[in-house]
There are 2 protein chains.
Amino acid sequence: MLLSKSCVYGLRASLYLASKRGNEFHSLKEISEELEISFHFLTKILQQLTAEGYLESYKGPNGGVRLSSNGQNATLFDLVIAIDGPGLFTQCALGLPGCGLQEPCPLHDHWVEARGKIENMLKRMTLNEIAEEGKEKHFRLTAEGEFSWQ
Amino acid sequence: MLLSKSCVYGLRASLYLASKRGNEFHSLKEISEELEISFHFLTKILQQLTAEGYLESYKGPNGGVRLSSNGQNATLFDLVIAIDGPGLFTQCALGLPGCGLQEPCPLHDHWVEARGKIENMLKRMTLNEIAEEGKEKHFRLTAEGEFSWQ
DNA sequence: CTTATTTAAGACTTATTTGTCTGAAAATAC
DNA sequence: GTATTTTCAGACAAATAAGTCTTAAATAAG
Ligand code: FES
Ligand code: FES
């Protein structure tokens, strides 16, 4: 798989937050139910994003998480790096060490191009911008698409 | 990671076989030592490729494996499908079910393009053709590149 | 102050991938 | 035949990823 499950859950939750007008806190319970992600697992992942400064959290009744201003202007690329690390964008497709530094493997030139495409895909818009686009195009964030951009 | 370790080991071993002139059998011991891959693990992976008809094996002294004619004309794409299955080329980047059949996720159009690039990269040449190219360009198949195309 | 609601932290379990080991079966050489 | 070399088959173990659970800390409301 291209991205780990943790990473995909983190991206979907961040897009969920971006989809909400205003900037209220949304509880992990709400997010995990809406997106059908295990509550405790999602908690761990979003704690990472909070530690990285992409989310802000607030404890207590009516608490939850929301995008920080950093988070609103973050790209999916930033979040992938925060959760999965940079390996996808730096490593050899054949797992050999020192991609780009040593002699290339047979896939090198083509893989550099393809992974550049992936990088661009993830870097092309901020969460806020994707949310704007989502409001027009009704992108899906859940299995059944029972989710509406506001 | 894009490809599983099993898959990468299978590709590297197949390229190793393609790099050899003639069509003798090469023992798993030789391959695993040259490519620095665990002998028993590699054995299991190449058994899969043998079962799929990409390799031929021969038991006993001076036995080993070699590319079948199918294998010589196979692309890396064929081998990836044989080992990792088709998921990489069909699944949603956000892990949602029914990519292409249901409403698209925010990454869909871009991911379809990027994974098309990956597919083309893996489909563009047969093992024999990559071996020919390797003899000119001295591609690397090992960590330190201490491997020579014949 | 007490209770309820929420995130934080981390131990724990389960599933999957990766890697190791043992013995059987096939082929060769003597 | 017997011994040796090899793949084949599958059990086993270790490492990693994914998921669950429990307790603590912070906040709010009565
Ligand atoms: S060396 Fe293999 S992709 Fe760069
Ligand atoms: S629906 Fe997500 S990539 Fe196609």
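Sequence lines set the chain letters: A, B, ... in the order given, protein chains first and strands last, and positions in each chain run from 1.
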I need the CD-C1' distance between Q47(B) and dA24(C), as an integer number of Å. 13 Å
Think S57(A) has a side-chain N or O under 4.0 angstrom from the OP1 or OP2 of dA8(C)? yes
What is the distance, to the nearest angstrom, from the CD atom on E33(A) to the C1' atom on dT6(C)? 14 Å
Electrostatic pair R124(A):E119(A) at N-O distance under 4.0 angstrom: no
Rounded distance (Å) that lies between atom P of dT7(C) and atom CG of L17(A): 11 Å
Regarding Y16(A) and E30(A), do their side chains bring together a donor and an acceptor under 3.5 Å, going by distance alone? yes
Nearest whole Å is fine: how far is dT6(D) C1' from R66(B) CZ? 15 Å
Given protein heavy atoms under 4.0 Å, the one-letter contact record of nucleotides 16-27 of chain D, with B base, S sugar-phosphate only and - none, is simply --SBBBB---BB
F25(B) CZ to dT28(C) P, straight-line distance once rounded to whole Å: 10 Å
For the pair K117(A) and E113(A), find out whether any cationic side-chain nitrogen is under 4.0 Å from an anionic carboxylate oxygen. no
Pick base, sugar-phosphate or nothing for L46(A), based on heavy-atom distances below 4.0 Å to the nucleic acid. nothing
Run the salt-bridge test on E33(A) and K29(A) with the 4.0 Å N-O cut-off and return the result as yes or no. yes
Whole Å only: how far is the CD atom of Q48(A) from the P atom of dG10(C)? 13 Å
With no hydrogens and no angle check, do the side chains of T142(B) and E146(B) hold a donor and an acceptor under 3.5 Å apart? yes
Nucleotide opposite dG30(D) in a Watson-Crick or G-U pair, distances under 3.5 Å: dC1(C)
Quick one: E30(B) CD to dT5(D) P, roughly how many Å, whole number? 16 Å
Any side-chain donor near an acceptor of the partner, D84(A) and S4(A), under 3.5 Å: yes
Whole angstrom is fine here: how far is it from CD in E56(B) over to P in dA26(C)? 18 Å
Applying side-chain contact (heavy atoms from CB on, under 4.5 Å) between P106(A) and each of L76(B), L15(B), L11(B), report the one that passes. L15(B)
